[in-house]
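Because the structure is a prediction, the values reported are computed rather than measured.
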Amino acid sequence: MKPFYGTQLPSRMMLGTAQYPSPAVLAQAFRASKASVATVSLRRESGAGETFWRMIQDLGVLILPNTAGCHTVKEAVTTAHMAREVFDTNWIKLEVIGHADSLQPDVFQLVEAARILAADGFQVFPYTTEDLIVGEKLLDAGCEILMPWGAPIGSGLGLNNEYALRAMRAEFPDVPMVIDAGIGLPSHAAHAMELGFDAVLMNTAVAHAGDPVEMARAMAQAIEAGTKAHRADPIEARDMAEPSTPVIGKAFLT
């Protein structure tokens with residue numbers, strides 16, 4: 001796995017910390033998932049207080065604060081600065097939302113905010129679309145990681161635009177990439193890894209499952225399986241059948 005701003009992650013799973021039935025379930029889900037990164041909203045930490053923050057620290061994972069809920073450059077930059085003070089990290093998952101229903105990123109403001117934050121010493125993880133030009137502009141702005149969405153946040157639709165995601169992976173082969181948002185099933189997570197992505201970030205699929213702990217475990221296994229499948233160089237799909245049994249030496253009736 002490619003390093004994330006010089007940090008080699010022990011796991012390819014990143015897990016959000018919102019909307020679990022209880023703090024105890026959250027902690028159990030994290031342990032079952034073996035996730036190496038926890039995404040945390042500054043707004044959530046502020047509302048939950050010291051108890052929540054202590055529990056997150058006890059998980060022993062890296063913290064990736066986010067700017068969830070921000071709709072402007074100013075909001076995102078201000079929130080990032082506050083998060084750096086609270087969580088004592090230069091990592092920031094940058095979200096600048098442009099559409100209320102789909103929660104699609106405003107890529108124009110996203111690039112501007114990324115440029116400001118990168119210049120100020122932040123290591124930016126941009127939540128973006130699967131657009132190649134936007135990806136290039138984010139890299140030019142100082143990002144060393146791209147986090148394209150699979151589908152709208154919380155939708156559980158999986159990878160909506162496989163063609164574009166394949167193209168982005170091929171266009172930037174040396175850039176660490178994380179599928180962020182839209183994962184609903186373990187098969188979606190496995191598919192992302194089969195395409196060659198470096199990690200998957202999810203929250204709703206685990207937190208809202210009937211059994212979050214078991215779903216976290218299933219997601220971890222799917223990510224491992226997808227990673228191994230990608231390394232194994234799978235066969236390409238074919239339109240026609242190809243016999244698996246050799247025909248050489250068989251008798252043919254004429």
Side-chain angles (χ1 to χ4, degrees), residues 2-7 14 16 37 39-43 63-85 87 89-155 159-183 192 195-203:
K2 305 175 188 69
F4 287 56
Y5 288 104
T7 299
M14 301 179 175
V37 174
T39 59
V40 181
S41 168
L42 179 66
R43 288 177 170 86
I63 304 300
L64 178 60
N66 64 48
T67 62
C70 293
H71 295 264
T72 66
V73 172
K74 183 177 180 180
E75 272 189 299
V77 170
T78 300
T79 301
H81 279 276
M82 293 171 65
R84 180 157 66 179
E85 293 297 320
F87 299 110
T89 178
N90 285 324
W91 279 17
I92 191 73
K93 179 190 170 188
L94 180 60
E95 297 182 27
V96 186
I97 300 302
H99 190 265
D101 291 333
S102 68
L103 301 181
Q104 179 170 328
D106 182 331
V107 296
F108 304 100
Q109 295 198 82
L110 179 68
V111 172
E112 183 180 351
R115 192 180 306 280
I116 293 170
L117 291 173
D120 198 29
F122 284 89
Q123 295 174 324
V124 181
F125 293 64
Y127 164 62
T128 184
T129 63
E130 63 277 75
D131 187 282
L132 294 180
I133 306 305
V134 175
E136 185 174 4
K137 290 186 179 298
L138 286 168
L139 296 174
D140 289 342
C143 299
E144 297 181 14
I145 289 170
L146 295 175
M147 301 180 71
W149 66 346
I153 294 172
S155 67
L159 307 186
N160 268 1
N161 193 343
E162 182 180 334
Y163 167 79
L165 291 171
R166 284 183 182 274
M168 179 172 269
R169 178 69 282 178
E171 182 71 14
F172 308 112
D174 299 322
V175 176
M177 287 191 194
V178 182
I179 292 293
D180 178 12
I183 298 297
L195 295 181
F197 284 84
D198 297 282
V200 175
L201 194 160
M202 66 187 74
N203 190 161

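Among all heavy-atom pairs drawn from V124 and A118, the shortest one is CG2-N, 4.1 Å.
The salt bridge (Lys or Arg N to Asp or Glu O under 4.0 Å) check on R115 picks up nothing, with sequence neighbours excluded. Partners of T7 by side chain to side chain donor-acceptor pair (under 3.5 Å), not counting sequence neighbours: none found. The ring pair (Phe, Tyr, Trp, His ring centres under 6.0 Å) search around Y5 returns F125, not counting sequence neighbours. Considering only residues two or more places apart in sequence or on other chains, Y127 meets the ring pair (Phe, Tyr, Trp, His ring centres under 6.0 Å) condition with none of them. Looking at residues two or more places apart in sequence or on another chain, you find no side chain to side chain donor-acceptor pair (under 3.5 Å) involving E136. Among residues two or more places apart in sequence or in another chain, the side chain to side chain donor-acceptor pair (under 3.5 Å) test is passed with Q123 by W91. For Q109, the side chain to side chain donor-acceptor pair (under 3.5 Å) partners two or more places apart in sequence, or in a different chain, are D106. With sequence neighbours excluded, the residues that form a salt bridge (Lys or Arg N to Asp or Glu O under 4.0 Å) with D120 are R84. Evaluation of the ring pair (Phe, Tyr, Trp, His ring centres under 6.0 Å) rule for H81 yields F122 as partners, not counting sequence neighbours.
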Under 3.5 Å, side-chain donor or acceptor atoms of residues 159-171 against the rest of the protein: list the pairs with distances, not counting sequence neighbours.
from, atom 1, to, atom 2, distance (Å)
N161, OD1, A164, N, 3.1
E162, OE1, H191, NE2, 3.3
E162, OE2, R166, NE, 2.7
E162, OE2, R166, NH2, 2.7
R169, NH1, G196, O, 3.3
R169, NH1, D198, OD2, 2.9
R169, NH2, F172, O, 2.7
R169, NH2, P173, O, 3.3
R169, NH2, V175, O, 2.6

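For the atom pair OG1 of T79 and CG of L117, the computed distance is 10.0 Å after rounding to the nearest 0.5 Å.
Other residues, nucleotides and ligands place no more than 12 heavy atoms under 6.0 Å from the NZ atom of K74.
Sorted by first and then second residue, the pairs that involve residues 90-105 and meet salt bridge (Lys or Arg N to Asp or Glu O under 4.0 Å), not counting sequence neighbours, are K93-E95, K93-D180. Pairs engaging residues 138-154 under the side-chain hydrogen bond (donor to acceptor under 3.5 Å, both in side chains) rule: E130-W149 [sequence neighbours left out].
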